[in-house]
Structure formats: C-alpha cells, structure tokens
Amino acid sequence: DGGITQSPKYLFRKEGQNVTLSCEQNLNHDAMYWYRQDPGQGLRLIYYSQIVNDFQKGDIAEGYSVSREKKESFPLTVTSAQKNPTAFYLCASSDGTGGTGELFFGEGSRLTVL
Amino acid sequence: GQNIDQPTEMTATEGAIVQINCTYQTSGFNGLFWYQQHAGEAPTFLSYNVLDGLEEKGRFSSFLSRSKGYSYLLLKELQMKDSASYLCAVRLHGSSNTGKLIFGQGTTLQVKP
C-alpha cells in the first residue's frame, strides 16, 4: 500500500546529540514537508521541498537541517543548536500534479531529549 | 506575518451540530484545508476550499469567504468519535499545489453524551 513511513516512532537522545528522523514516501509525490507539534499546539512548518534537490525554510528552521536527494526521501536532522527539540515531528507529502494537493501525513516521530 | 485564528476549545453534545470558525490573514492564498487529529495520531484530511462557498461531504461541510478571510467547518449529527482536534490550514503560494501550507493552533472539540 502507498503511504508515508516515518522512523523511528519514539526516540530518546541526550542533550547535545544530533539526531536524524527518517521519512520515506511511495506515493510518487513531488512535495514533502516537516512539521513540529508541541503539546496543545498546532503544526509549525520546519522545512519543505517542492522538488528533488531543492528545499525551503519554514517558520522554525533554526537548529534543523534537511536534504532531498531522492524524490522518495526527506530526512530531518535535529541538531544540537535546536534549543527545545522535544516534540512530535510529522512528515507529510503532497501531489503537485492535480487535485487539491492535500497533505498526507506519516505516523509521526516523538523525540524526547533527556 | 501570517496569522490563522481558531477557538482553542469547544464542547458539544452527541447528536448536535457544531461550527468551528477559522479566520486568516496571510500574504497569499491558494486554498484552505481542514484536518482532523485524534490525540497522539497524525492529522487526516477532511475538506478543501479554494473558491467561495460551501463544500459538503457527508456529515462534514466547510465554508469559505475569501473576501472576509473566513472559513468554518460544520459537523452534523455529532458522534463521540468526533472528539478530536480540528486544524485549519492555508496554502500560501498562488501557482502551485505544492506550496507552503501553514496551520492554525487547532480547536479541541469534546463531544459529551
């Protein structure tokens, strides 16, 4: 079945360590997105990519980095420069070729920094 | 800056109708989305409006007025499983369906028996 796979689902890390969250999609979608969600809050955009080898900063990109070397993959690295990395991270993709272009989300990765 | 406002919390009774409002002030507009999110889960797509008017989908309807920067999500015949957060989101770019999509803070709806 087509979909978006995020891994790991739960991740614990010590302060000062970089961590990479994986996001893979087999929907053949052009665009991919990373959002962060804190308890009781909406989704805030970290980075997004409309096409392979290109990406743009969202509203809270500081302390994060991404790459888009393949259409299917959009990994997110949470670096030690991110001051409050503990959060629920959601990856999404959308089809730019027609329809509404709604986002399809992965199951999320919950990162806890100890 | 971009601003999307929704009420933080709402409560309604099973079987009733509830309307969740969303107002937005953004630098661009290429569609408004509503998503449902149950606690601890990923959001799921409910509806999309790009032109003014009402879109109906079963028990859910969504309305858009671009001139007023206003949308609402209407839920009819409420069921207990409708207890969730409802997220309003605006796509900013005017020429692509892959443009930047920003979300409001979400409205947590509690349905009571």
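Side chains included, hydrogens not; waters and symmetry mates left out as well; all remaining heavy atoms used. Lettering of chains follows the sequences in order, A, B, ..., and the numbering in each one begins at 1.
For A:Phe55, the ring pair (Phe, Tyr, Trp, His ring centres under 6.0 Å) partners at least two apart in sequence or on another chain are A:Tyr47.
Only the side chain of A:Leu45 comes within contact range of chain B, with heavy atoms under 4.5 Å apart. In this structure, chain B has a heavy atom under 4.5 Å from the side chain of A:Tyr35, while its backbone stays farther away. For A:Gln56, no part lies under 4.5 angstrom from a heavy atom of chain B. Interface remark: B:Gln37 contributes side-chain atoms only to the contact with chain A (heavy atom separation under 4.5 Å). Only the side chain of B:Leu87 comes within contact range of chain A, with at least one heavy atom under 4.5 Å from a heavy atom of that chain. For A:Arg44, no part lies under 4.5 angstrom from a heavy atom of chain B.
A:Tyr64 and A:Tyr89 have perpendicular rings, their planes meeting at more than 60° on a 0 to 90° scale where under 30° would count as parallel. Using a 30° and 60° split on the angle between ring planes, B:Tyr35 and A:Phe105 fall in the perpendicular class, above 60°.
Side chains of B:Gln105 and B:Thr8 form a contact here, defined as non-hydrogen atoms less than 4.5 Å apart.
When each of B:Pro43, B:Ala42, B:Gly40, B:Cys88 is checked for heavy-atom pairs under 4.5 Å with chain A, B:Pro43 comes out on top. Here A:Leu103 is the residue among A:Leu90, A:Ile51, A:Leu103 with the most heavy-atom pairs under 4.5 Å with chain B.
Across A:Pro85 and A:Val78, no two heavy atoms sit closer than the pair CB-CG1, 3.7 Å.
The residues A:Asp54 and A:Arg68 are annotated as not salt-bridged, no charged nitrogen and carboxylate oxygen being separated by less than 4.0 angstrom.
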